[in-house]
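To start, the structure itself, in structure tokens.
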Amino acid sequence: MTKRDTTGVQSPNSKAPAELASRHLLGIEGMSPIEIRSLLDRGHMFADNPHDGVSDALRGKTIINLFYENSTRTRVSFELAAKRLGGSVLNISVAGSSVKKGETLLDTATTLNAMHPDILVVRHNCSGAALLLSQHVDAAVINAGDGRHEHPTQALLDALTIRRRIGRIEGLKIAICGDIANSRVARSNIHLLGTLGAELRLVCPVTLLPADICNMGVSVFTDFETGIEGCDIVMMLRLQTERMAGTETPSQREYFNLFGLDSGKLMRAAPKALVMHPGPMNRGVEIDSATADDVEKSLIRTQVEMGVAARMACLEALVTRPA
Amino acid sequence: MTATRFFNAHLIDPSQSLDGIGYLDVIDGVVDAIGLGTPPNSGKFDQLIDCKKSCLSPGIVDMRVQPADPGAEHLESLSTLLAAAAGGGITALACLPDTRPVIDEASAIDSLCLRASRIGGPRLYAYGAATKGLAGHEMAELGLMAEAGAVGFTNSATSINDSLIMRRLLAYSNMLDKPFIQHCEDHALTKDAEMNEGETSTRLGLLGSPSEAEVIIIDRDLHLLRRTGARYHVAHISTRAGIEAVREAKAEGLAVTADTAPPYFLLNELAISTYNTAFKLSPPLRSEDDRQAVIEGLVDGTIDAIASDHMPVDRDAKMQPFGPAQPGASGLDTLLALSLTLVHQGQISMARMIEALSLAPASILDIPGGTLTPGSSADLILFRPDSSWIVKSANFRSNSRITPFESHPVQGIVDATYVDGTAIFLRD
């Protein structure tokens, strides 16, 4: 029961692989609306037919997951996406690898490159690491999150989730709430949802607001309830304590009181407002369990499901790209 | 007795307001006569040099150079450092104390100066570390280092953040009549920072530090200075607010000076957009408004001097993601040509530029150089200001080959560098 994307002219349920201008997928910034829509359309298709063997574009291809930060959902999601397309997947997590012995990112890249993978999926704690890697390997590189910079496949799966539920993105009022400063998810979503015509609001304590972000086409609120007023989507972000200096918020208790989402605060959003979270959640810090688990309002589980479909579209697009 | 005459030279000597075609006579390493027009037909010269209307000016005095030798000779030996300086038209340079071991005692100054004099080339001076091991806690032996020839004191690439230590250092420097050179950075504000804070840092997801980190230290130091006295020098100034503070302090009559380096008047933070670590510097590249303020400061003399800010960095330390990459870049080979960019753009006069590169730093450090008045040492350079070339770090004389100006087109070629009237560099 897919609905038509009012912002697109092509069918949302695309029969052909998405077409990308770049041979890597490093970020949403700079991608055209056409590229984004073609990925979403193809993602729709994969979401509709999860086990159909719609495409075996990755048959005979090798995908390496290189994760410098711990991750369960993203890594598994990429692995599943690749396998559904017939690819062989190799997971390298940094704990216990030569990286722990002091090998640099570029040495690791050179080593992996010698094994001729087709796609390298990389997550790294430094902004720009995926770009750096892409400059030194022959494989196509997918950025699975670099520092505070971008997490393009997360934004794509978020958009796919919204489109499947509401049918469009253009004109929606979307609030992105919480730890904006340390969030690559926020940056990718600002680029993507903004490009597709959503009205974006950022809601966070002023200490978690990065400099001059209002130049990125968003409006900014430091009062939570005013910020989400009338919004169709309330997207909560994880408080990234591992990236914080400890000076940004006084306590988790205060944070939840002022900026955490519960059913009471959600009343201020639009009547049929939906709740999203990229996970993993800090329950009781940025969101309470009742709201997170509300099957009517929460899209959090759909997001995970859409992760596989969106990543299938990305992997397929990179290997079928005309040379 | 050795006598040399340079004739048909475009003389530029801001100390005498000289700017025109003329001649310069050097006898036994000392300027004997200088004048516009045709030289008088007197005297016998061992050497007559037709300058073919090339510029002849005082040699460059580079007041901020980080040697890697001793301690990291594989990055840059003292020989390649001095050769690169000579090739860049630098006749005198002042070395930062951040070597291994740190230059925090008299013998280290002796050793460095002695080794440089054995190698020959530009005059080499050394700053003494302000604190032991540059740790910022205990005052180093400033008095003994001053006796050994330290031209000033500095904590190199870090600020003195402890106000009490800073007060003592200023008072002590004043007693010794040596300038205190401060890298101005409030380290609490810049902790973990990867670049200047602003829209670019937000887009790139790099942790920004606010530009106020510079002026906060300048302001504090100025307050201390009013109490202690001293000659206070702000190194590689890079922000509009910092420059305003220095401008006001000068108007007030405080003994405050400042220098900057080419990246801060030629580049801004947008250069970092591809995470190229060659653009990672300390202080970080700032906003376009700050860059304009640096140019204004150079033009009106608020910023007295330009230094190369030469900093050898291991290539491996740059082959990293932007965050963990080490800041710093090479500067000796490109200092003159990059600085002349502002002259070619019509933003600053040639005379003012030469002053900023020679006379101003020489007088801040109270060392010879910066002038061609009769009786002064014949430290001079011959250069063609309009000749163009492309910056290729592979061709640097310096062994430190990280530059944010790779492939930049520039104008200005040094043909010869003289110290005490003797050529230390002649272009083939």
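Sequence lines set the chain letters: A, B, ... in the order given, protein chains first and strands last, and positions in each chain run from 1.
Ranked by heavy-atom pairs shorter than 4.5 Å toward chain A, the options S201(B), G323(B), G205(B), P321(B) are led by G205(B).
Using a 4.5 Å heavy-atom threshold, the side chains of Y275(B) and S127(A) count as touching.
For R184(A), no part sits under 4.5 Å from any heavy atom of chain B, backbone or side chain.
Heavy-atom neighbours of chain B within the stretch residues 205-216 of chain A, taken at a separation under 4.5 angstrom, comprise P210(A), A211(A), D212(A), I213(A), N215(A), M216(A).
The number of heavy-atom neighbours closer than 6.0 Å to NE2 of H137(B), taken from other residues, nucleotides and ligands shown, is 12 or below. For Q347(B), the CD atom sits in a packed shell: over 12 heavy atoms of surrounding residues, nucleotides or ligands are nearer than 6.0 Å.
Paired with R148(A) under the rule side chain to side chain contact (heavy atoms under 4.5 Å, CB included), one option of L206(B), L207(B), T202(B), L204(B) passes, and it is L207(B).
Residue R203(B) holds its CZ atom at 5.0 Å from CD of E29(A), rounded to the nearest 0.5 Å. For the atom pair Q320(B) CD and T104(A) OG1, the distance stands at 6.5 Å (nearest 0.5 Å).
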